[in-house]
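Comments concern the structure below.
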Protein chains: 2
Amino acid sequence: MAVTMRDVARRAGVSAKTVSNVVNGYPYIKPETRDRVLAAIEELGYQMNATARSLRTGRTGIIGLALPELRVPYFAELAGAVIAAAEECGLTVIIEQHGGRRDLELEVLTGARRHLTDGLIYSPLALGTDDAASLLDLSYPLVLLGERVFHPDIDHVTMQNTAAARAATEHLLRAGRRRIVALGPNPTQDVGSAPLRLTGYREAHEAAGLAVDPVLVVPTIRTWDHATGARTVGRLLDDGVDFDAVFAFNDSLALGAMHEIQVRGLRVPDDVAVVGFDAIDEGRYSNPTLTTIDPGRTVIPREAVRLLDERRRGVAGGARRIAPDFQLVPGGSTGAPDRAAATAAVG
Amino acid sequence: MAVTMRDVARRAGVSAKTVSNVVNGYPYIKPETRDRVLAAIEELGYQMNATARSLRTGRTGIIGLALPELRVPYFAELAGAVIAAAEECGLTVIIEQHGGRRDLELEVLTGARRHLTDGLIYSPLALGTDDAASLLDLSYPLVLLGERVFHPDIDHVTMQNTAAARAATEHLLRAGRRRIVALGPNPTQDVGSAPLRLTGYREAHEAAGLAVDPVLVVPTIRTWDHATGARTVGRLLDDGVDFDAVFAFNDSLALGAMHEIQVRGLRVPDDVAVVGFDAIDEGRYSNPTLTTIDPGRTVIPREAVRLLDERRRGVAGGARRIAPDFQLVPGGSTGAPDRAAATAAVG
DNA sequence: GCTCGATGGTACATCGATGTAGAACGAGCC
DNA sequence: GGCTCGTTCTACATCGATGTACCATCGAGC
């Protein structure tokens with residue numbers, strides 16, 4: 001039913017292989033022949049059968065993107081940018097949600113979909129250092145995102161977690177806050193973004209000659225979402241813990257915390273200042289707007305796709321590690337003026 | 001390199017076709033043979049080559065999902081749910097972002113990716129009634145989302161736009177609001193969600209015996225996002241327009257509007273009540289929380305996948321149209337108490 | 001006149017699965 | 001015994017592209 005290369009070949013009076021050669025830019029073809037073939041393609045409305053090509057070449061032009069959940073804004077923005085970047089390279093993306101469940105995270109690595117893809121951009125949540133081994137004998141290109149697993153032989157796109165967290169904390173200290181909650185560390189996790197950001201938090205205190213009150217280092221058990229942020233800060237308030245600022249380890253936690261603080265009748269930033277991490281869109285229109293860290297939100301997806309595409313095409317050497325520059329984005333939650341929309345930058 | 005059916009066949013002492021038959025559940029196989037084959041599969045770690053199967057059968061098990069932008073929370077949540085529903089059916093999803101640009105929306109319909117997919121779930125933004133024709137002679141299953149295009153011969157999953165908008169407006173009228181802004185209609189659009197929701201808004205006024213002040217019907221030119229909501233409401237305030245409520249045609253507009261209203265020193269809901277549409281997660285943790293319409297957020301993605309899968313498998317009859325029940329979700333933005341997290345339902 | 005290398009093109013096998021046709025065998029029936 | 005029918009399995013062609021090998025032509029160089 002669909003038009004094949006044979007049909008085009010017949011129409012142009014050449015062999016199927018010549019049509020293939022034209023389509024793939026093989027150089028030794030008479031201009032006149034090439035024109036005849038292109039004309040035939042045009043006339044018949046030929047479109048290549050990607051499946052057949054994949055079978056023959058062993059490459060599909062599809063890459064996988066494994067992440068916890070698309071409904072989490074940070075990952076939605078990441079996925080959108082990855083798809084756009086992939087488009088630039090002529091690649092198609094399939095997204096797999098593992099929900100941060102360890103079994104699913106491992107299954108993604110070896111599941112049937114890996115046959116469909118040329119490589120994987122992989123953002124695990126539950127995996128730990130022990131699992132690094134399972135990443136090594138994979139037979140396809142892999143690019144890691146985040147800090148959960150690391151291996152010197154695998155391409156990696158990450159963030160300057162410690163330095164950025166330190167900058168965030170210092171921002172609060174400069175504003176005169178002295179009892180800053182660190183919201184997000186998980187005592188059972190020894191690797192990942194959380195401990196690195198906690199280190200930045202401690203470094204800032206140390207550099208300022210201040211001790212960290214352990215009561216203010218508040219673990220979150222569930223995922224870093226609005227509900228967890230609200231619930232956890234709610235518990236602190238219930239317990240009568242005294243604090244004048246919150247450094248949440250991501251924006252969703254921060255926004256949930258900010259919500260709860262205001263529901264309880266406290267003012268942000270007057271009573272409690274809040275800083276997040278990730279610079280998701282939502283924080284630019286919250287009330288007040290959210291001070292946050294932009295960890296390189298435009299660079300990360302672009303680089304991840306670039307690294308994977310280079311591996312896929314076999315033009316890459318040793319493993320690379322990329323950690324883009326970060327930036328503190330001041331917002332109303334730490335006292336920066338919330339600009340009215342009429343004067344706000346378009347984004 | 002990879003294990004093929006031939007390898008499995010050799011190991012089990014049968015033909016490749018028999019392996020295929022076992023894998024595909026063909027009934028006439030001796031239990032003992034089946035066991036030998038399954039054992040061989042297990043031992044060799046055989047995984048089917050999906051590409052080869054696709055070439056032969058003409059089906060890929062992949063469906064497309066075309067939407068404006070993943071970074072828009074409504075679409076991120078939709079996409080996440082579609083992927084999860086597809087997983088249930090053993091389907092894989094590729095997402096294509098057309099950004100609401102008409103040329104890209106049309107290109108999605110005929111682009112190269114259609115060869116990769118068994119069908120398309122299609123949520124256009126710029127297309128109009130005139131384009132319905134382009135949807136008809138497509139050679140693959142199509143399920144339409146939204147109201148931009150409609151055709152009686154195509155499966156459709158939509159919302160009860162008019163009834164829901166009427167309910168939202170009546171909610172505001174019941175609360176005593178009399179100058180309600182309708183935020184979102186676009187005068188250049190005669191089809192789509194906007195005019196239907198505007199109709200609901202008008203119906204509510206009519207039923208209450210109230211006239212609609214045309215000044216309060218406020219078009220938005222750009223997309224329905226935070227920035228547009230903030231900017232547009234900002235302009236109303238600059239112009240000194242008198243209003244005591246906003247019915248925004250989606251949640252992002254509503255949240256942007258609510259942000260701007262508060263930046264200007266007005267109180268929500270005391271000075272201005274706000275209602276949105278879509279029931280995205282973000283509105284459950286905004287300050288105050290957002291009153292909104294849940295148009296069937298769990299039903300829509302599930303039904304879309306189901307309809308497409310049925311078409312794909314050829315088990316569907318005539319075109320179907322599904323418009324799930326909607327629900328008003330009360331929030332602080334119209335005066336419902338914002339519950340503290342400690343007592344809030346987990347979500 | 002002949003070889004050689006650069007061009008321009010073709011025929012055929014192949015990627016790994018599945019559809020088709022049919023072989024081999026035994027049971028049941030007249 | 002001969003026939004049909006159901007069961008179990010196999011051989012081969014096929015999906016549509018591309019890699020390999022090879023043929024043909026033409027001009028240059030000796």
Side-chain angles (χ1 to χ4, degrees), chain A residues 1-38 40-41 44-62 90 112-118 139 313-314, chain B residues 1-38 40-41 44-62 90 112-118 139 313-314:
Chain A
M1 340 317 162
V3 183
T4 77
M5 273 194 176
R6 282 186 112 73
D7 302 327
V8 174
R10 203 161 12 238
R11 175 91 169 209
V14 296
S15 75
K17 185 69 220 270
T18 297
V19 176
S20 170
N21 286 337
V22 167
V23 171
N24 291 295
Y26 179 76
Y28 298 131
I29 298 177
K30 266 198 292 191
E32 185 231 315
T33 309
R34 184 194 316 277
D35 291 346
R36 271 214 323 282
V37 169
L38 290 175
I41 288 176
L44 298 176
Y46 169 72
Q47 285 188 316
M48 174 127 69
N49 181 318
T51 305
R53 168 188 254 175
S54 296
L55 177 58
R56 189 65 245 238
T57 64
R59 295 204 312 207
T60 60
I62 304 177
R113 295 223 172 81
R114 294 286 73 70
H115 283 295
L116 225 51
T117 57
D118 293 347
S139 56
R313 300 203 323 255
Chain B
M1 341 313 162
V3 182
T4 77
M5 273 191 176
R6 283 185 113 72
D7 302 325
V8 175
R10 200 159 16 233
R11 174 92 169 209
V14 297
S15 75
K17 185 67 220 269
T18 297
V19 176
S20 170
N21 286 337
V22 168
V23 171
N24 291 294
Y26 179 77
Y28 295 130
I29 299 178
K30 266 198 294 192
E32 185 231 316
T33 309
R34 186 194 315 278
D35 291 345
R36 271 215 322 283
V37 169
L38 290 175
I41 288 176
L44 299 175
Y46 169 72
Q47 284 189 317
M48 174 125 68
N49 180 319
T51 305
R53 166 187 255 175
S54 296
L55 175 59
R56 188 66 245 237
T57 63
R59 294 204 314 207
T60 60
I62 305 178
R113 294 222 173 81
R114 293 288 71 70
H115 284 292
L116 224 51
T117 58
D118 292 347
S139 56
R313 301 205 321 255

Separation of atom CZ in A/R59 from atom P in C/dC15, rounded to whole Å: 18 Å
Between CZ of A/R53 and P of C/dG16 the distance, given in whole Å, is 18 Å
Salt bridge (Lys or Arg N to Asp or Glu O under 4.0 Å) against B/R6, all qualifying residues, sequence neighbours excluded: none
Apply salt bridge (Lys or Arg N to Asp or Glu O under 4.0 Å) to B/R59 and list each qualifying residue two or more places apart in sequence or on a separate chain. none
Note the angle between the end axes of the helix from C/dG1-D/dC30 to C/dC30-D/dG1, five pairs defining each, rounded to 10 degrees. 60°
Identify, residue by residue, the members of residues 16-33 of chain B with a heavy atom below 4.0 Å from DNA chain C, and return them in order of residue number, or none. B/K17, B/S20, B/N24
Using residues 22-29 of chain B as the side-chain source, report each donor-acceptor pair under 3.5 Å to any protein atom, sequence neighbours left out, with the distance given to one decimal.
{"from": "B/N24", "atom 1": "OD1", "to": "B/R53", "atom 2": "NH2", "distance (Å)": "2.6"}
{"from": "B/N24", "atom 1": "ND2", "to": "B/S20", "atom 2": "O", "distance (Å)": "2.8"}
{"from": "B/N24", "atom 1": "ND2", "to": "B/S20", "atom 2": "OG", "distance (Å)": "3.3"}

List the residues meeting salt bridge (Lys or Arg N to Asp or Glu O under 4.0 Å) with B/D7, not counting sequence neighbours, and say none if there are none. B/R10
Nearest 0.5 Å, please: how far is NE2 in A/H115 from OG1 in A/T60? 12.0 Å
Nearest whole Å is fine: how far is C/dT14 C1' from B/M5 CE? 18 Å
Protein-nucleotide distance (B/H115, atom NE2; D/dC15, atom P), rounded to Å: 17 Å
According to a strict under-4.0 Å criterion, is A/S15 in side-chain N/O contact with OP1 or OP2 of C/dT10? yes
From CE of B/M48 over to C1' of C/dT18, roughly how many Å is that when rounded to an integer? 10 Å
Starting at CG of A/L116 and ending at P of C/dC15, how long is that distance when rounded to a whole Å? 20 Å
Rounded distance in Å - CG (B/N49) to P (D/dC15): 18 Å
Residues which pass salt bridge (Lys or Arg N to Asp or Glu O under 4.0 Å) with B/R113, listed by chain and number, not counting sequence neighbours: A/E87, B/E96
Phosphate OP1/OP2 of D/dT14 contacted by B/R56 side-chain N/O (<4.0 Å): no
Using the test side-chain hydrogen bond (donor to acceptor under 3.5 Å, both in side chains), find all partners of A/R56 that sit at least two apart in sequence or belong to another chain. none
For A/L55 and C/dT18, what is the distance between atoms CG and C1' respectively, to the nearest whole Å? 12 Å
Could you pull out all residues at least two apart from A/S15 that satisfy side-chain hydrogen bond (donor to acceptor under 3.5 Å, both in side chains)? A/T18
